[in-house]
Amino acid sequence: MGWPMHVPDGFIDAPVSLAAGGVAVIGVAVCLRGARRSLDEATAPLAGLVAVFIFAAQMFNFPVGLGTSGHLMGAALAAILIGPYAGPLAVTVVLMIQALLFADGGITALGLNIINMALVPTLVAWPVFRLVVRSLGNSRAVVIGAAAVAGWLSIVASSLAFAFEYWLGGTTALDVGAVTLAMVGVHVVIGLVEGLITALIVGAVFALRPDLVAGVKRRRAEQESVEVAA
Amino acid sequence: MPTTTSSVLTERLYVSRESRIHGLPAHVKILVVLGSVVAIVATPPTAVWAFLLYFVLVRLLLLAAHIPFRTVAPRLLVELPFVVFALLLPVFGTGPRVSVGPVTLSEAGLWAAWGLLAKATLGVMLSVILASTTSTADFVNGLQRLRLPEVLVQMTAAMVRYVNVVVDEWHRMSRAREARGFEARGPRAWPMLGRSLGALFIRAYERGERVHLAMLARGYSGRMPELDSRATVPLATWLAAASVPVCFAVVAVLANMLGGLGG
């Protein structure tokens, strides 16, 4: 089992890959704008360390048993911890370094990977998390449950985005309906791992430093927690 | 158990040598790799000869960079999950089928699987050339010269500076857990691992705060001063570097015109 699966070069054809690059640029620009109030060049090193954490957490294998293991994708986690704009930016930096330095994910597929693993999962996870916490209150149990649901749905959304890209620019050798069913079916299960791990980590952070969980800040929901400590 | 990583993660990537490729500015190299891979991706899988030429070109680049193939080989493992996917393509593919030994396989699926593996392998090899000839400091500088938004450049800079520190911290935490008799066997170990990762996040965040305040105290205002003073790249260097993606592009254009197999 190997999630996160970074799309390599050649999996999706060149025109769709390049178009995805354009969409990713727009998405990242929106995030940069949205995070502007709290995240600028001067506070970027702090966000960079959050990116390092996401990178390290992705690398770690969670033993599932029988020699298999699951990974964390981390988009939902990043959004819940540092907000819906800074979160995907941190994941984007991680994806960029993975593609350019670790050859993990193709360099022409970087746009696809940013869409699938940073933008789309955040677009789903953040509203879900906020909706649950806002309607059920921010007790520890609710925060943990909301993180689990957000993490799970983030993976399902990511697999749907992948299936859509495959439909647009994948090889014609496979039936698209079957690919979509298989991808989404598998990720409904894999997503449970993501949901559980996300919930465990958010729960641990919420118990020790609730101020670092951006998704729970009541009045300043849209304000990122990436701020100067002073 | 926490596996896969030596303690100095990013230093495993860079292979220090004297070569013309090492000497190229990072932003030029990134563009060269990007252009070459776009050409590769745009090549129809049926043009087998084109891919053989690509492999020859990549081999020449490796030779020019003085990077032994055995450095590259282990790093091809990142494609493994997709190899599994590729192997499924001929089995579940649609369209006319051909018999290969005892089984019949989809012809379109076989071509798709070959194309996928060839393109992904070439892509990884070119990325490895980039990573093993570019130090992380040059890499950040290259991103800056490619006009990546400064916020992302500074995030990347902090990331490559601290990735080894945080990964090492995680290894220390793992060792401490093991010293106390903890063993990560199955999902029952997850609550403990989740708490540990939560603690790792808080430590990384607090380290970020300390580093950030220390940088501000030393006059940091959003840009690393030494990154700004870089000479412009001479035209000759640009032309020499451009010859690489041009070679790939010529092959790609020919492959698209001539088509595969018969051509």
Heavy atoms only: give me the nearest B:Q154-A:A44 pair and the separation to one decimal.
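Here B:Q154 and A:A44 meet closest at CB-CB, 3.5 Å.
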With respect to chain A, which residue among [options] yields the maximal number of heavy-atom pairs within a distance under 4.5 Å?
options                        : result
B:T134, B:L130, B:I40          : B:L130
B:L152, B:L143, B:L126         : B:L152
B:M125, B:M155, B:E169, B:R161 : B:M155
B:V124, B:L110, B:V128, B:T156 : B:T156
B:A131, B:S132, B:A118         : B:A131

What part of [X] lies closer than 4.5 angstrom to a heavy atom of chain B: side chain, backbone, both or neither?
X      : answer
A:L89  : both
A:L77  : neither
A:A99  : backbone
A:V202 : neither

With rounding to the nearest 0.5 Å, note down the distance linking [atom1] in [X] to [atom2] in [Y].
X      : Y      : atom1 : atom2 : value
A:L49  : B:E206 : CG    : CD    : 11.5 Å
B:F139 : A:L100 : CZ    : CG    : 4.5 Å
B:M159 : A:L101 : CE    : CG    : 9.0 Å

Going by residue number, which parts of residues 8-15 of chain A are within reach of chain B, meaning a heavy-atom gap below 4.5 Å?
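Heavy-atom contacts from residues 8-15 of chain A to chain B are A:P8, A:D9, A:G10, A:F11, A:I12, A:D13, A:A14.
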Among B:L34, B:V41, B:V38, which residue satisfies the side-chain contact (heavy atoms from CB on, under 4.5 Å) criterion with A:I107?
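Option passing the side-chain contact (heavy atoms from CB on, under 4.5 Å) with A:I107: B:L34.
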Side-chain touch A:V179/B:F92, heavy atoms, less than 4.5 angstrom:
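A:V179 does not reach B:F92 side chain to side chain.
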Any heavy-atom pair between the side chains of A:L46 and B:Y205 that's under 4.5 Å?
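They are in side-chain contact.
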In terms of heavy-atom proximity below 4.5 Å to chain A, should B:A189 be classed as side chain, backbone, both, or neither?
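No part of B:A189 comes within 4.5 Å of chain A.
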Proximity breakdown for B:P149 and chain A, heavy-atom pairs closer than 4.5 Å:
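It is the side chain, since no backbone atom gets that close.
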Enumerate donor-acceptor pairs with a distance under 3.5 Å from any side-chain N or O in residues 193-202 of chain B to protein atoms, sequence neighbours excluded.
unit_1	atom_1	unit_2	atom_2	d
B:S196	OG	B:R177	NH1	2.9
B:S196	OG	B:M192	O	3.1

